[in-house]
Amino acid sequence: MKTKKIAIIGTVGLPAKYGGFETLTSHLVKQLSSTYDFTVYCSGKKYKKEERLSSFEGAKLEYINLEANGIQSIPYDTLSILKAIRNNDILLVLGVAGAWIFPLIRLFTNKKIIVSIDGIEWKRDKWSLPAKLYLWWAEKIAVKFSHIDISDNESIQDYTAMRYKTLSRVVEYGANHTVSVSPNEKDFEKYPFLQNEYAVKVCRIEPENNVHLVLEAFKKHTSKTLVIVGNWENSPYGKKLRETYNSCANIYLLDPIYNQREIDLIRGNAHLYIHGHSAGGTNPSLVEAMYLGLPVISYNVSYNKTTTEGKAIYFDTTEDLVAILEKMNPEVAHQLKLTMKSIANRRYTWELIAKKYEQLFEEAMTVNSKKRIFSDLQTRTTLLEEYKIAHLSNSHVFYEKS
């Protein structure tokens with residue numbers, strides 16, 4: 001018998017066709033709909049009326065006629081929250097855009113709030129200064145007025161601990177929805193690079209993902225092929241990069257791919273994964289590449305090191321990446337592949353992630369107010385101070401990035 005009603009707020013919606021939060025939501029309802037009564041709030045702007053479903057994998061779907069991202073995410077999340085408090089016990093809010101209303105929810109209702117702060121969103125280069133200031137403030141409100149806050153990476157947990165003197169729960173992303181796909185003749189015709197060795201990168205085309213740095217490295221190191229899948233036409237940055245590098249014979253710039261088989265085909269047959277993200281937390285594209293058993297070359301920031309347990313290969317500059325590519329040999333790549341796959345099998349499966357969320361749902365129903373003090377304050381404070389001292393001089397640590 002389903003005894004608890006849970007609203008999931010802040011995603012584009014289901015079926016998932018956008019990003020990490022949508023994939024997370026999809027797997028949560030698949031894993032836990034037999035236990036909980038889920039309602040997922042979806043963007044009516046992203047699903048045409050003929051595409052809209054009333055339910056998905058046992059979860060009820062409700063539509064808000066606003067965009068889920070950008071500036072409209074604030075009213076989108078706010079309206080979703082106001083609708084959700086009518087008949088749900090727990091609000092699982094993914095992102096902090098609507099956090100301004102949390103104090104009112106806490107004051108006037110007994111609803112439990114679990115929030116995932118989605119990395120350090122206000123640090124992202126894509127936001128204007130007013131947007132950064134709002135997200136900086138909203139993050140504080142989200143942590144302070146939620147019953148439980150979630151970090152998707154231990155490095156983000158350390159950041160919130162040092163800034164807010166509280167302890168978030170670490171819950172990463174799963175990756176075992178990805179599978180290796182053997183190409184057929186039609187695949188070879190559509191993607192001729194499948195016939196040879198290549199490196200792959202899948203990301204949004206934004207400066208914080210260092211796409212320019214990676215492209216320049218492969219322009220200089222022409223003996224290796226690079227395939228990047230991303231939204232090139234969504235910004236002047238992406239359009240400029242496509243114009244600049246599209247003529248390079250060893251570089252393939254593909255538009256976004258939402259078909260799971262097709263994206264698994266391209267990633268699963270690659271020989272290297274290049275991860276350039278310099279903002280966020282546990283990036284879904286990284287853990288998916290690890291689960292597929294790809295050797296990972298990653299940008300040198302703390303949360304990428306945390307995700308890969310310090311066992312990938314890391315770069316800071318174009319020159320670093322070129323040197324790594326030149327030195328890469330089959331033996332190193334094979335060992336790196338085994339290591340990444342082992343970590344992913346142990347940490348990044350949806351069964352494990354769903355179990356962690358289930359524990360948080362049960363915990364949320366038992367708390368009257370958020371526990372603000374660490375269970376072992378002295379030990380935790382000492383560890384955090386040691387962490388801060390060790391990393392403060394490193395310009396690539398998460399809280400030092402601009």
Could you please spell out the steps behind the side chain to side chain contact (heavy atoms under 4.5 Å, CB included) verdict for Val96 and Val143? CA-CA 9 Å; Val96 302; Val143 173; over 6 Å; no
Evaluate the criterion salt bridge (charged side-chain N to carboxylate O under 4.0 Å, His left out) for residue pair Asp264 and Arg267; output intermediate values, then yes/no. CA-CA 5 Å; Asp264 284 346; Arg267 291 185 300 186; 3.0 Å; yes
Starting from the C-alpha separation in whole Å, work towards a yes-or-no answer on side chain to side chain contact (heavy atoms under 4.5 Å, CB included) for Lys132 and Trp137. CA-CA 9 Å; Lys132 287 185 175 184; Trp137 175 79; over 6 Å; no
Any chance you could lay out the side chain to side chain contact (heavy atoms under 4.5 Å, CB included) test for Met340 and Thr308, step after step, and finish with the verdict? CA-CA 7 Å; Met340 295 297 102; Thr308 57; 4.1 Å; yes
Side chain to side chain contact (heavy atoms under 4.5 Å, CB included) evaluation trace for Ile8 with Val29: CA-CA 10 Å; Ile8 302 181; Val29 301; 4.3 Å; yes
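The number of heavy-atom neighbours closer than 6.0 Å to CD of Glu197, taken from other residues, nucleotides and ligands shown, is 12 or below. Atom CD of Glu185 is surrounded by 12 or fewer heavy atoms from other residues, nucleotides or ligands within 6.0 Å. The 12-atom threshold is not exceeded at CD1 of Ile71, counting heavy atoms of other residues, nucleotides or ligands nearer than 6.0 Å. Heavy atoms from other residues, nucleotides or ligands lying under 6.0 Å from NZ of Lys220 number more than 12.
A salt bridge does not link Lys190 with Asp187: none of the charged nitrogens is closer than 4.0 Å to a carboxylate oxygen.
When atom types are taken as modelled, the side chain of Asn250 and the backbone of Lys224 share a donor-acceptor pair closer than 3.5 angstrom. For Gln157 (side chain) and Ser168 (main-chain N/O), a donor-acceptor pair under 3.5 Å exists by modelled atom type. Remark: the backbone N or O of Asn304 is not paired with any side-chain donor or acceptor of Ser298 at under 3.5 angstrom. A donor-acceptor distance shorter than 3.5 angstrom exists from the side chain of Asn269 to the backbone of Leu265, with no hydrogens or angles considered. When atom types are taken as modelled, the side chain of Asn209 and the backbone of Val211 share no donor-acceptor pair closer than 3.5 angstrom. Remark: side-chain polar atoms of Glu22 are not paired, donor with acceptor, to backbone N or O of Ala16 under 3.5 angstrom. In this structure, the side chain of Asp152 does not engage the main chain of Asn283 through any donor-acceptor pair within 3.5 Å. Remark: the backbone N or O of Leu338 is not paired with any side-chain donor or acceptor of Ser342 at under 3.5 angstrom. Judged purely by atom type and a 3.5 angstrom limit, Thr222 has no side-chain atom pairing as donor or acceptor with the backbone of Lys219. Between the side chain of Asn176 and the backbone N or O of Trp350 there is at least one donor-acceptor pair closer than 3.5 Å.
Between atom OG1 of residue Thr225 and atom NE2 of residue His271 there is a gap of 10.5 Å, rounded to the nearest 0.5 Å. Atom CG of Leu14 is separated from atom NZ of Lys30 by 9.0 Å, given to the nearest 0.5 angstrom. Distance check: Leu294 CG to Ser180 OG gives 8.0 Å after rounding to the nearest 0.5 Å. For the atom pair CZ (Arg163) and NZ (Lys140), the distance works out to 7.0 Å, reported to the nearest 0.5 Å. Atom NZ of Lys112 and atom CD of Glu363 lie 11.0 Å apart (nearest 0.5 Å). Atom CD of Glu154 sits about 15.0 Å away from atom NZ of Lys305, to the nearest 0.5 Å.
Side-chain N/O atoms of Glu206 and Asn234 include no donor and acceptor closer than 3.5 Å. A donor atom on one side chain and an acceptor atom on the other are found under 3.5 Å apart for Thr306 and Ser155.
Side-chain contact between Phe38 and Leu32: present, with at least one pair of heavy atoms (C-beta onward) separated by less than 4.5 Å. Residues Ile6 and Phe361 have side chains in contact (heavy-atom distance under 4.5 Å, counting atoms from C-beta outward). Proximity of Ile297 to Leu325: side-chain heavy atoms (C-beta onward) are separated by under 4.5 Å at one or more points. Side-chain contact check for Ile205 versus Ile228: some heavy-atom pair is nearer than 4.5 Å. A heavy-atom distance below 4.5 Å is not found between the side chains of Lys356 and Leu360. Residues Ser151 and Thr160 meet the side-chain proximity criterion, which asks for heavy atoms closer than 4.5 Å. Arg347 is listed as a side-chain neighbour of Glu309, based on a closest heavy-atom distance under 4.5 Å.
Here ring-ring contact (aromatic ring centres under 6.0 Å, His included) pairs that include residues 196-232, with residues two or more places apart or in two chains, are Phe193-Tyr198, His212-Tyr237. The side-chain hydrogen bond (donor to acceptor under 3.5 Å, both in side chains) contacts involving residues 46-63 comprise Lys60-Glu62, where partners must be two or more places apart or lie in separate chains. Residue pairs meeting the ring-ring contact (aromatic ring centres under 6.0 Å, His included) criterion with at least one member in residues 272-294, sequence neighbours excluded, are His275-His277.
Between His177 and His27, the ring-plane angle classifies as tilted under the 30° and 60° cut-offs.
Note: Tyr173 and Tyr348 fail the aromatic proximity criterion, with ring centroids not under 6.0 Å apart. For Tyr299 and Phe315, the gap between ring centers is short of 6.0 Å.
Taking both residues in full, the closest heavy atoms of Ser43 and Tyr76 are given as N-OH, 3.0 Å, listed atom of the first, atom of the second, then distance. Nearest heavy atoms, Ala97 versus Asp77: CB-OD2, 3.7 Å.
Taking the side chain to side chain donor-acceptor pair (under 3.5 Å) definition, one finds that Thr282 meets it with Asn153, sequence neighbours left out. With sequence neighbours excluded, the residues satisfying side chain to side chain donor-acceptor pair (under 3.5 Å) with Glu233 are Arg242.
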Side-chain donor-acceptor distances from residues 82-95 under 3.5 Å, at least two apart:
unit_1, atom_1, unit_2, atom_2, d
Asn88, ND2, Ala84, O, 2.9
Asp89, OD2, Lys5, N, 2.7

